[in-house]
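Each remark here refers to the structure printed beneath this line.
Quick note on labels: first sequence line is chain A, next is B, and so on, each numbered from 1. Just so it is clear, the structure is predicted and the values come from calculations on it, not from any experiment.
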Number of protein chains: 2
Amino acid sequence: MQNLLFDFIAKYVSLNDDEKNAILSLDLFHSVKKGTILLKEGQTSKNSYFVLKGCIRTYYILDCEEKTTAFHTEMEALTPPCVINQTPSEYYISCIEDCILLVSNSDMEVEVNNKFPKFEIMCRKLSEELLAKQRIDFDAFKTSSPEQRYLNLLEKRPDLIQRVPQHQLASYLGIKPQSLSRLRARIFEKKT
Amino acid sequence: MQNLLFDFIAKYVSLNDDEKNAILSLDLFHSVKKGTILLKEGQTSKNSYFVLKGCIRTYYILDCEEKTTAFHTEMEALTPPCVINQTPSEYYISCIEDCILLVSNSDMEVEVNNKFPKFEIMCRKLSEELLAKQRIDFDAFKTSSPEQRYLNLLEKRPDLIQRVPQHQLASYLGIKPQSLSRLRARIFEKKT
DNA sequence: AAAAGCCCTTCACTTAAGTTAAAAAACGCA
DNA sequence: TGCGTTTTTTAACTTAAGTGAAGGGCTTTT
């Protein structure tokens with residue numbers, strides 16, 4: 001698990017043993033059971049998450065309905081907007097599988113960044129990269145139909161379709177579960 | 001104009017005169033005429049933009065159709081994904097008004113960041129903030145209907161509805177111009 | 001083992017967006 | 001000002017998503 005982390009970091013900056021030990025001394029690793037809610041609407045939090053194993057989901061509850069907007073799986077980071085803006089969270093985060101997560105808080109990050117400017121660089125690079133990636137996803141969502149979005153997901157993240165309940169996938173695609181079911185049937189028809 | 005920039009920067013880090021002069025010596029300020037295309041599909045670029053005055057638009061051309069995905073107005077920054085990923089651009093950027101822009105390139109940024117770690121910190125904070133903001137926008141888009149999106153835009157960025165042609169707004173909202181026109185008529189009906 | 005709950009699918013119906021076409025309005029420039 | 005182009009609106013029709021309801025297959029609970 002530690003190597004997974006260090007391999008990930010190595011894509012952005014190279015660490016010496018001192019720096020690696022500094023990270024390990026922070027006690028970031030946590031095992032979390034499926035179903036655990038990491039963040040609730042209205043809560044304030046300073047925690048960021050990095051998924052080493054498993055899958056976490058962010059969702060809103062609007063009009064008594066869950067609206068899933070993101071899934072984060074292996075090697076993906078998540079800093080909720082409420083942490084950045086220091087506001088109460090508008091959404092929930094829960095584990096939809098047993099997970100191994102890195103949990104860091106922003107006070108800790110400030111401290112580490114001061115001590116090791118390298119981390120500051122890594123955070124910048126990672127944020128810039130995530131911003132670009134999210135921009136591309138957003139654009140793809142805007143410019144395509146629900147059916148195209150599903151086909152795109154099938155191509156880009158086939159694992160999600162396997163490991164995530166369909167009604168959660170539906171709102172992730174911006175539609176109702178019934179529509180996803182129908183849409184899948186339609187695609188299946190076309191193939192035959 | 002310079003003060004607009006320094007006021008913006010002051011929200012993230014505080015600069016001394018040396019640092020301010022270092023920025024000014026970079027010759028970042030550019031006046032750009034309406035209609036100018038800043039980036040084309042297929043091009044590689046190292047340029048980031050910051051809008052001091054005016055409005056720039058990012059759009060794709062898919063199936064011979066323009067799909068507008070973003071507008072950037074006063075005090076908004078834009079680093080295209082192609083700059084981050086070092087890949088050919090998938091989209092176009094053009095000025096839809098006469099603009100005053102800051103144009104920086106990534107080589108320059110690397111240099112400045114090395115010289116003044118403060119800039120590194122500013123870039124990180126700005127990226128994190130933009131990431132959170134974009135996340136919220138994306139989520140709002142996913143969880144709402146075209147009509148709700150339009151009403152939301154009317155509330156949050158009424159200026160855009162005034163200064164941007166409607167067919168560009170339409171694809172920004174994820175629909176066709178005819179649908180936007182109809183939707184507006186529908187809203188107007190309801191009000192009366 | 002029966003009951004309850006949840007999830008997915010299906011169906012009939014409603015609503016709204018896409019499409020195609022044409023007219024009306026606004027704009028740009030000579 | 002006037003002509004030509006672009007943009008917006010309107011309309012009729014098609015397609016697909018939303019809605020409400022019902023059924024079937026699982027799993028969990030009692």
May I ask you to say what [X] touches in the nucleic acid, namely base, sugar-phosphate or nothing, with a heavy-atom cut-off under 4.0 Å?
X         : value
Pro177(A) : nothing
Arg182(B) : base
Arg186(B) : sugar-phosphate

Among dT10(D), dT10(C), dG28(C), which is the nearest nucleotide to the side chain of Ala185(A)?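 In terms of side-chain proximity for Ala185(A), the closest of dT10(D), dT10(C), dG28(C) is dT10(C).
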
What nucleotide among dG20(D), dT9(D), dG18(D) has an atom nearest to a side-chain atom of Gln178(A)?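 Ranking dG20(D), dT9(D), dG18(D) by closest atom to the Gln178(A) side chain puts dG20(D) first.
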
For [X] and [N], give me the distance from atom [atom1] to atom [atom2], rounded to whole Å.
X         : N       : atom1 : atom2 : answer
Gln148(A) : dA16(D) : CD    : P     : 11 Å
Lys176(A) : dA21(D) : NZ    : P     : 15 Å
Asp63(A)  : dT19(D) : CG    : P     : 10 Å
Leu180(A) : dC7(C)  : CG    : P     : 14 Å
Leu169(A) : dT9(C)  : CG    : P     : 11 Å
Phe188(B) : dT10(D) : CZ    : P     : 11 Å
Arg184(B) : dT7(D)  : CZ    : P     : 15 Å
Glu147(A) : dA16(D) : CD    : C1'   : 9 Å

Minimum heavy-atom separation for Met108(B) and Leu28(B), please, with both atom names.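 That closest heavy-atom pairing would be SD-CD2, 3.6 Å.
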
Are the side chain of Thr143(B) and the backbone N or O of Asp139(B) linked by a donor-acceptor pair below 3.5 Å?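 Checked: pair present.
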
Is a side-chain donor or acceptor of Glu74(A) paired with a backbone partner of Gly54(A) at a separation under 3.5 angstrom?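 Between the backbone of Gly54(A) and the side chain of Glu74(A) there is a qualifying donor-acceptor contact (under 3.5 Å).
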
With DNA chain C as reference, determine whether Glu65(B) or Val164(A) sits nearer its 5' end, using the nearest nucleotide of each.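 By nearest-heavy-atom nucleotide position, the 5'-most residue is Val164(A).
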
So which one's nearest nucleotide on DNA chain C is more toward 5', Pro146(B) or Lys34(B)?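 Looking at DNA chain C, the more 5' nearest nucleotide goes with Pro146(B).
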
Does a nitrogen or oxygen in the side chain of [X] sit under 4.0 Å from OP1 or OP2 of [N]?
X         : N       : result
Ser179(A) : dA17(D) : no
His167(B) : dT6(D)  : no
Gln166(A) : dT9(C)  : yes

Applying salt bridge (charged side-chain N to carboxylate O under 4.0 Å, His left out), which residue pairs with at least one partner in residues 47-65 of chain B are found, sequence neighbours left out?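 Every salt bridge (charged side-chain N to carboxylate O under 4.0 Å, His left out) pair that includes a residue of residues 47-65 of chain B, provided the two are not neighbours, is Arg57(B)-Glu66(B), Glu65(B)-Lys176(B).
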
Reference residue Asn152(B); test side chain to side chain donor-acceptor pair (under 3.5 Å); the match among Lys156(B), Arg149(B), Glu155(B):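 With Asn152(B) as partner, side chain to side chain donor-acceptor pair (under 3.5 Å) holds for just one option, Lys156(B).
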
